[in-house]
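Keep in mind that this is a model prediction, so the values were computed, not measured.
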Number of protein chains: 2
Amino acid sequence: MQACYAGAMKRSDNKSHCPINFSLETFGDTWSLLIIRDIVYFGKKTYGEFLESEEGISSNILASRLVHLERKGILVKEPHESDKRKEIYLLSEKGLDVIPILLEMAGWGAKYDPETDAPQNWIAIVNADRERMTGLIRETVQNGGSIFTGPNSVVSKLAIT
Amino acid sequence: MQACYAGAMKRSDNKSHCPINFSLETFGDTWSLLIIRDIVYFGKKTYGEFLESEEGISSNILASRLVHLERKGILVKEPHESDKRKEIYLLSEKGLDVIPILLEMAGWGAKYDPETDAPQNWIAIVNADRERMTGLIRETVQNGGSIFTGPNSVVSKLAIT
DNA sequence: CATTTTTACTTTTGTAATGCAAGTTAAATT
DNA sequence: AATTTAACTTGCATTACAAAAGTAAAAATG
């Protein structure tokens with residue numbers, strides 16, 4: 001039940017102290033930001049939920065990324081209250097601070113992918129008041145909610161159709 | 001003299017139309033954002049300059065990433081005016097729109113790397129007025145300047161010590 | 001309460017990406 | 001004319017990733 005697969009993660013040996021490089025070394029691989037996205041946008045919290053991501057991450061890679069993100073202090077792992085098989089992964093403060101990066105990347109992708117899945121009214125709202133939305137999303141996620149999913153979602157609070 | 005090494009780039013086959021995934025497929029590999037950083041922060045423009053990056057990219061990988069970024073419309077390649085051996089790589093509009101993402105990542109890295117190279121007054125200025133600084137950086141880079149390097153650098157315009 | 005299912009991983013193995021060193025070609029410099 | 005520079009390319013070893021199957025503990029089911 002313990003994750004002992006350390007995984008490799010090249011370029012984790014601090015090639016420089018450029019802050020952008022530091023960020024990339026922490027969550028700049030292929031999957032880390034997608035895992036964080038699943039938490040922030042869709043309220044996912046367990047291994048099984050992450051495994052079902054749209055992009056199809058492999059189980060071994062997912063395990064290695066969760067270990068990596070936990071080690072880097074982005075994620076915190078706790079046992080599930082009632083179901084002792086489950087582990088709950090939550091964003092730490094450090095992890096919550098990645099949200100602004102996600103929002104910028106979502107804005108860029110929504111602008112340039114002609115077939116984007118992003119709801120344009122959502123993108124517009126975020127662009128209109130980035131700071132306020134960042135705060136609202138942060139609080140929501142901190143309380144176990146997410147942007148799109150669940151009863152306490154950000155979009156339901158804002159009554160976005 | 002022509003780059004025919006296409007490179008591979010896994011996950012370039014549009015696994016989803018999530019805007020974050022789209023961004024990651026475009027510039028979410030290990031090196032692309034560091035190349036864009038070199039342009040935006042240090043005014044680099046040629047293959048040789050990118051090759052000298054602090055993090056030490058391999059020549060074949062650099063070539064493949066430049067091709068990739070050009071194909072995705074992030075970079076534009078033009079011949080050097082006077083020296084016909086050189087190629088100049090510039091950011092397109094689409095590439096300039098990546099700047100806000102870089103700023104967020106720089107902010108995060110500067111906050112969490114205790115040994116960061118980032119000048120704290122620079123980070124503070126960006127955090128104080130993100131929108132204005134984004135515009136100023138964008139214009140500067142569009143005119144061939146950069147944040148830290150060169151006579152028309154953003155920091156020299158702002159007279160940051 | 002024995003069996004099946006679920007959950008969170010690990011292990012194995014093939015494939016693809018990366019990294020390093022050396023090589024190539026055209027243009028510029030000496 | 002010879003050397004150096006710039007922008008790549010090539011070959012090969014190493015590493016990371018992906019897919020599939022396997023494992024162990026806890027929970028649900030009959």
Side-chain angles (χ1 to χ4, degrees), chain A residues 1-13 15 24-25 28-35 38 44-71 75-90, chain B residues 1-13 15-16 24-25 27-35 38 44-71 75-90:
Chain A
M1 290 291 260
Q2 285 291 83
C4 297
Y5 182 112
M9 303 287 303
K10 129 231 60 193
R11 218 161 56 60
S12 52
D13 45 332
K15 291 203 177 173
L24 289 171
E25 284 177 357
D29 65 276
T30 308
W31 293 103
S32 290
L33 283 172
L34 294 177
I35 294 169
D38 280 343
K44 295 186 182 180
K45 291 177 177 59
T46 66
Y47 183 91
E49 288 173 326
F50 298 133
L51 203 58
E52 287 168 357
S53 81
E54 202 177 1
E55 291 84 8
I57 188 171
S58 291
S59 59
N60 53 347
I61 304 298
L62 173 58
S64 79
R65 290 307 172 272
L66 290 173
V67 168
H68 172 76
L69 290 171
E70 204 193 340
R71 281 194 185 145
L75 294 180
V76 176
K77 184 180 175 179
E78 339 185 312
H80 189 278
E81 298 178 359
S82 57
D83 190 336
K84 290 179 182 173
R85 291 170 304 177
K86 290 187 180 176
E87 301 282 352
I88 301 295
Y89 292 93
L90 301 170
Chain B
M1 290 291 260
Q2 285 291 81
C4 298
Y5 181 111
M9 306 286 303
K10 130 229 58 194
R11 218 160 58 58
S12 50
D13 45 333
K15 291 203 179 178
S16 79
L24 289 171
E25 284 176 357
F27 50 78
D29 65 276
T30 307
W31 294 104
S32 290
L33 282 172
L34 294 176
I35 294 169
D38 281 345
K44 296 185 182 179
K45 292 177 176 56
T46 66
Y47 183 92
E49 288 173 325
F50 298 132
L51 203 58
E52 288 167 358
S53 83
E54 202 178 359
E55 291 86 7
I57 188 170
S58 292
S59 59
N60 54 346
I61 304 298
L62 173 58
S64 78
R65 287 310 171 273
L66 290 173
V67 168
H68 173 76
L69 290 172
E70 204 193 340
R71 281 194 186 146
L75 295 179
V76 176
K77 185 180 176 179
E78 342 186 309
H80 189 277
E81 298 178 357
S82 57
D83 190 337
K84 290 180 182 175
R85 293 170 306 177
K86 291 187 179 176
E87 302 282 351
I88 301 295
Y89 291 92
L90 301 171

Minimum-distance nucleotide (side-chain atoms of [X] versus [options]):
X	options	value
I61(B)	dC8(D), dG19(C), dT7(C)	dG19(C)
K77(A)	dT9(D), dC9(C), dA27(C)	dC9(C)
S59(B)	dA22(C), dT7(C), dA27(D)	dA22(C)

Legend entry - Presence of donor-acceptor pair under 3.5 Å, side chain of N60(A) and base of dA18(D): yes
Inset, instruction - Kindly indicate whether the side chain of T30(B) and the base of dT18(C) share any N or O donor-acceptor pair separated by less than 3.5 Å? - result: no
Under 3.5 Å donor-acceptor, [X] side chain and [Y] backbone:
X	Y	result
E55(B)	W31(B)	no
E49(B)	D38(B)	no
Y47(A)	S59(A)	yes

Legend entry - Closest-nucleotide ordering on DNA chain D, the 5'-leading residue of L51(B) and I57(A): L51(B)
Inset, instruction - Select from S58(A) and D83(A) the residue whose nearest nucleotide in DNA chain D is closer to the 5' end of that strand. - result: S58(A)
Inset, instruction - Give one of base, sugar-phosphate or nothing for Y89(A), where a contact means two heavy atoms less than 4.0 Å apart. - result: sugar-phosphate
Legend entry - dG19(C) phosphate, OP1 or OP2, under 4.0 Å from W31(B) side-chain N/O: yes
Please tabulate, one pair per line, each protein N/O and nucleotide N/O from nucleotides 2-4 of chain D that are separated by under 3.5 Å, including the distance.
none

Inset, instruction - Taking side-chain hydrogen bond (donor to acceptor under 3.5 Å, both in side chains) as the test, write out the residues that go with E52(A), two or more places apart. - result: none
